Amino acid sequence: MDLRAYLSRHPLIVAPRLLGWRLAKDGCEVRLIELEAYADLEDPGSHAHRRPTRRNSPMFGPPGHAYVYFCYGNHWMVNIVAHEPGRAGAVLVRGALPFAGEALLRSRRPKARSDRDLLNGPGKLAQALRVDGSHSGLDLLSEGSPLRLLPPENWRPDHEPDWERIRVTPRVGLAEGKGHELPWRFVLAEEE
DNA sequence: ACTTCGATGTCCT
DNA sequence: GGACATCGAAGTG
């Protein structure tokens with residue numbers, strides 16, 4: 001099973017399994033510690049709940065690509081496309097820790113007062129990594145892509161999540177009726 | 001064409 | 001803990 005196949009499962013399966021993976025861009029790397037699953041048919045809070053549009057079309061495309069969209073007038077949200085064949089879905093990256101290039105990450109987040117303020121939010125993460133709409137649709141698994149998704153060292157396809165260390169909660173920021181009660185958020189507990 | 005409102009961050013009290 | 005800036009996308013007519 002290669003990485004693409006690993007991501008070709010329901011986003012709810014993929015999300016907890018991507019904890020500890022890294023996003024890399026121009027010398028910076030961040031380690032993912034907070035992720036949310038967004039599905040299609042059964043998930044009214046997902047952009048893939050409806051038909052494909054110019055914005056959400058990456059969610060319907062190949063797993064392992066990026067889906068980046070603009071929200072609340074200021075912020076870019078980074079997603080990793082993940083879904084079963086013939087379906088749609090993605091994993092939203094909501095939080096991370098610096099792994100490499102920390103000084104550069106910091107310089108792009110001048111408003112971050114504390115360490116935990118640097119990457120603890122989807123908009124903050126995109127700002128620190130300088131990801132925006134121009135990256136939507138990029139293949140995160142292809143060498144040579146400016147934005148890449150990297151598995152942990154010693155990763156194996158049969159790796160299972162360490163549930164002892166994962167906190168499962170409802171997703172953040174969803175209105176009533178949008179699946180706000182679904183426990184589809186996964187956080188590496190002792191690292192938040 | 002116009003309206004609504006969001007998968008948020010920041011600053012202020 | 002609360003106000004609010006900010007601007008596309010998508011829904012409505």
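Quick note on labels: first sequence line is chain A, next is B, and so on, each numbered from 1. Note that these values count all heavy atoms, side chains included, but never hydrogens, waters or copies made by symmetry. Since the structure is predicted, the reported quantities are computational estimates derived from the model, not experimental observations.
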Tell me, please, which residues at least two apart from Gln127(A) pass side chain to side chain donor-acceptor pair (under 3.5 Å). Arg109(A)

OG/Ser136(A) to CE/Met77(A) distance, rounded to the nearest 0.5 angstrom? 13.0 Å

What pairs of nitrogen or oxygen atoms, one from the protein and one from nucleotides 3-5 of chain B, lie under 3.5 Å apart?
none

Please list all pairs passing the ring pair (Phe, Tyr, Trp, His ring centres under 6.0 Å) test where one or both residues lie in residues 13-42 of chain A, with sequence neighbours left out. Tyr6(A)-Trp21(A), Trp21(A)-Trp155(A)

Let me have DNA chain B in dot-bracket notation, would you? Count Watson-Crick plus G-U wobble pairs, both distances under 3.5 Å, and use [ ] for pairs crossing earlier ones and | for inter-strand partners. ||||||.|||||.

Between the side chains of Glu29(A) and Arg22(A), is the shortest nitrogen-to-carboxylate-oxygen separation below 4.0 Å, so that they form an ion pair? yes

Residues pairing under salt bridge (Lys or Arg N to Asp or Glu O under 4.0 Å) where one sits in residues 50-73 of chain A, two or more places apart or in two chains, turn out to be none

To the nearest angstrom, how far is His49(A) atom NE2 from dA7(B) atom P? 13 Å

Between protein and nucleotides 11-13 of chain B, what N or O pairs are separated by less than 3.5 Å?
none

Please round to the nearest 0.5 Å and tell me the distance separating atom CG of Leu119(A) and atom CG of Leu129(A). 8.0 Å

Separation of atom CH2 in Trp76(A) from atom C1' in dG6(B), rounded to whole Å: 15 Å

In Å, rounded to the nearest 0.5 Å, how long is the span from CG of Asn56(A) to NE2 of His49(A)? 12.0 Å

Under 3.5 Å between N/O atoms: give me all the protein pairs with nucleotides 7-13 of chain C, atom names plus distance.
unit_1	atom_1	unit_2	atom_2	d
dA9(C)	O3'	Arg55(A)	NE	3.4
dA10(C)	OP1	Thr53(A)	OG1	3.0
dA10(C)	OP2	Thr53(A)	OG1	3.3
dG11(C)	OP1	Arg50(A)	NE	2.7
dG11(C)	OP1	Arg50(A)	NH1	2.8

Which part of the nucleic acid does Lys178(A) contact within heavy-atom distance under 4.0 Å: base, sugar-phosphate only, or nothing? nothing

Is it true that Asp139(A) and Arg4(A) make a salt bridge, defined as a side-chain N closer than 4.0 Å to a carboxylate O? yes

Measure NZ/Lys124(A) against P/dA7(B) and give the value in whole Å, please. 18 Å

Atom CG of Asp132(A) and atom P of dT6(C): how far apart are they, to the nearest Å? 19 Å

CG (Leu125(A)) and CG (Asn120(A)) are apart, to the nearest 0.5 Å, by 9.5 Å

Can you list the residues that meet the side-chain contact (heavy atoms from CB on, under 4.5 Å) rule with Glu84(A), with sequence neighbours excluded? His10(A), Arg87(A)

Please report, rounded to the nearest Å, how far the P atom of dA7(B) is from the CG atom of Leu182(A). 14 Å

What is the nucleic acid contact for Gly173(A), judged by heavy atoms within less than 4.0 Å: base, sugar-phosphate only, or nothing? sugar-phosphate

Interatomic distance where CG belongs to Asn120(A) and C1' belongs to dG9(B) [whole Å]: 10 Å

Ignoring hydrogens and angles, write down the donor-acceptor pairs under 3.5 Å from the side chains of residues 58-76 of chain A, residues two or more places apart or on other chains.
unit_1	atom_1	unit_2	atom_2	d
His65(A)	ND1	Gly137(A)	O	2.9
Tyr67(A)	OH	His47(A)	ND1	2.8

Distance in angstrom units between His75(A) NE2 and dA7(B) C1', rounded: 12 Å

If the condition is side-chain contact (heavy atoms from CB on, under 4.5 Å), which residues does Pro161(A) pass it with, not counting sequence neighbours? Pro16(A), Arg17(A), Trp163(A), Ile166(A)

Please report the distance, rounded to the nearest Å, between CZ in Arg94(A) and P in dG6(B). 15 Å

Could you list all the ring pair (Phe, Tyr, Trp, His ring centres under 6.0 Å) pairs where at least one residue sits in residues 94-130 of chain A, not counting sequence neighbours? none

Which residues satisfy the side-chain contact (heavy atoms from CB on, under 4.5 Å) test with Ser114(A), sequence neighbours excluded? Arg116(A), Asp117(A)

